[in-house]
Amino acid sequence: MPPHSVQTRAEIERMLALDGYACAEIDSAITDFTQERRGLHGPAAQLFIPDDVAQLRARLRQ
């Protein structure tokens with residue numbers, strides 16, 4: 001996967017905040033999402049691909 005396709009948690013938080021979601025909602029959604037990821041721990045769990053971002057947006061819309 002190209003490096004430019006991977007984003008950090010901080011980048012995702014900023015992007016979702018610009019979409020109008022509350023910081024507490026964003027933090028909760030990202031935390032739940034990263035805890036559900038299997039086999040990823042530490043820094044790798046804090047990196048997101050475009051599909052992850054789509055899943056996070058879907059969670060926040062609910």
Side-chain angles (χ1 to χ4, degrees):
M1 177 163 302
H4 64 277
S5 295
V6 178
Q7 295 178 294
T8 65
R9 181 180 179 131
E11 291 170 326
I12 299 303
E13 288 173 342
R14 280 192 299 274
M15 180 180 8
L16 294 172
L18 289 173
D19 288 346
Y21 297 106
C23 291
E25 292 176 307
I26 295 168
D27 184 58
S28 178
I30 293 175
T31 298
D32 291 347
F33 184 78
T34 56
Q35 288 175 350
E36 293 168 8
R37 295 169 109 181
R38 297 181 185 161
L40 292 178
H41 303 287
Q46 301 302 310
L47 297 175
F48 301 87
I49 61 173
D51 186 56
D52 296 337
V53 177
Q55 290 181 46
L56 286 166
R57 281 191 170 116
R59 287 173 185 238
L60 288 164
R61 280 193 295 263
Q62 294 178 355

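All values derive from a computational prediction rather than experimental measurement. The first residue in the sequence is number 1, and the count goes up from there.
When each of Val53, Asp52, Leu47 is paired with Ile49, the side-chain contact (heavy atoms from CB on, under 4.5 Å) condition holds for Asp52 and for no other.
Panel note: side chain Ser28, backbone Ala24; no donor-acceptor pair is recorded below 3.5 Å.
A distance of 9.5 Å separates CZ of Arg61 from CG of Asp19, quoted to the nearest 0.5 Å. Rounded to the nearest 0.5 Å, atoms CD (Gln55) and CD (Glu36) are 9.0 Å apart. Here the CD-CD1 distance, from Gln7 to Ile12, works out to 4.0 Å after rounding to the nearest 0.5 Å.
When all heavy atoms of Arg57 and Tyr21 are compared, the pair lying nearest together is O-OH, 4.1 Å. Nearest heavy-atom pair across Ala29 and Leu56 is O-CD2, 3.6 Å. Of all the heavy atoms in Pro50 and Ser5, the pair that sits closest is CD-O, 3.2 Å. Contact between Leu60 and Glu25 at its shortest, heavy atoms only, is CD2-O, 3.6 Å.
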| task | Could you go through the side chain to side chain contact (heavy atoms under 4.5 Å, CB included) check for Arg14 and Leu18 one step at a time? | result | CA-CA 6 Å; Arg14 280 192 299 274; Leu18 289 173; 5.5 Å; no
| task | Please lay out, stage by stage, how Gln46 and Thr8 fare under the test side chain to side chain contact (heavy atoms under 4.5 Å, CB included). | result | CA-CA 6 Å; Gln46 301 302 310; Thr8 65; over 6 Å; no
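We find that Arg9 and Asp27 are joined by a salt bridge, their nearest charged nitrogen and carboxylate oxygen being less than 4.0 Å apart.
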